[in-house]
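First listed ligand is number 1; within each ligand, the first listed atom is number 1. Quick note: numbers below take in every heavy atom, side chains included, and nothing from hydrogens, waters or symmetry partners.
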Amino acid sequence: MARLAILASGSGSNFQALAEFLKDGGNHQIACLVCDKAGAYALERAAKLGIPSRLVSYKGRPKEDAEAEIEDYLREQGAECIALAGFMRMLSARFVSAWAGRLVNIHPSLLPKHPGAHAIEASFRSHDGELGITIHYVDEGMDSGKIILQKSFSRESTMTLEEAERKIHELEHLWYPQVVSDLLSNF
Ligand code: GRF
């Protein structure tokens, strides 16, 4: 059994998908959620799911301080692995190397295409025939770590941005929990 921490900044739908999958799977546990945005819906989801959470603000302090607070909390909660799920901050090289091999992210495009924020819109507005998701290890770059899994679908000519978004989130919620659960099984 291994314990997973999730870092999120926003709605937390991937956090919830991970929590529900791991709860039903039985082998592993969600240790905690860390969120850097006050009022983010992810925090409310954690409360509803009965998962410990901590708001760690980056405001008015060096990134290193915020990261040290995150790591103290992860240690307290016994987290062995981290899944980023819409966490909108770059982690320092020190943090990334301390968690190497135990730190993954999900990104809503077929990397290396469209890294960074607004990837769904960028993919949709591009002429790419395939849209999709990437699950990858995190390195110190922007969405540049080693790819673990990609899943895609062909874009139909009539597809709207909202439909593309919905399909991408469906893929995320289906595949991220499975990949993370496999990763946890190696610990
Ligand atoms: C997802 O699309 C994820 O791929 C990206 O940020 C979004 C987070 O959504 N990194 P949610 O907060 O999990 O609903």
Practice item. Flag this pair as yes if the NZ/CZ of R155 is under 6.0 angstrom from the six-membered ring centre of F124 and inside a 45 degree cone about the axis; otherwise no. Key: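 So R155 does make the cation-pi contact.
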
Review point. Is the NZ or CZ atom of K146 both under 6.0 Å from the centre of the six-membered ring of Y137 and within 45° of that ring's axis?
Key: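 No.
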
Practice item. Identify, chain by chain and in numerical order, each protein residue with a heavy atom under 4.0 Å from an atom of ligand 1. Key: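 Close residues (ligand 1, cut-off 4.0 Å): S11, G12, S13, N14, G86, I106, H107, P108, H169, E172.
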
Check your understanding: Considering only heavy atoms from C-beta outward, does the side chain of L161 approach that of I120 to under 4.5 Å?
Key ->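 In short, these two side chains touch, coming nearer than 4.5 Å.
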
Check your understanding: Under the criterion side chain to side chain donor-acceptor pair (under 3.5 Å), which of H173, E172, R45 is the partner of S13?
Key ->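 Running side chain to side chain donor-acceptor pair (under 3.5 Å) over H173, E172, R45 with S13 returns exactly one hit, H173.
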
Check your understanding: Does a sphere of radius 6.0 Å around CE in M90 hold more than 12 heavy atoms from other residues, nucleotides or ligands, not counting ones at 6.0 Å or beyond?
Key ->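 Yes, the 6.0 Å shell around CE holds more than 12 heavy atoms from other groups.
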
Practice item. Let me know which of V56, D65, D36 forms a side-chain contact (heavy atoms from CB on, under 4.5 Å) with I70. Key: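 Looking at V56, D65, D36, the match for I70 under the side-chain contact (heavy atoms from CB on, under 4.5 Å) is V56.
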
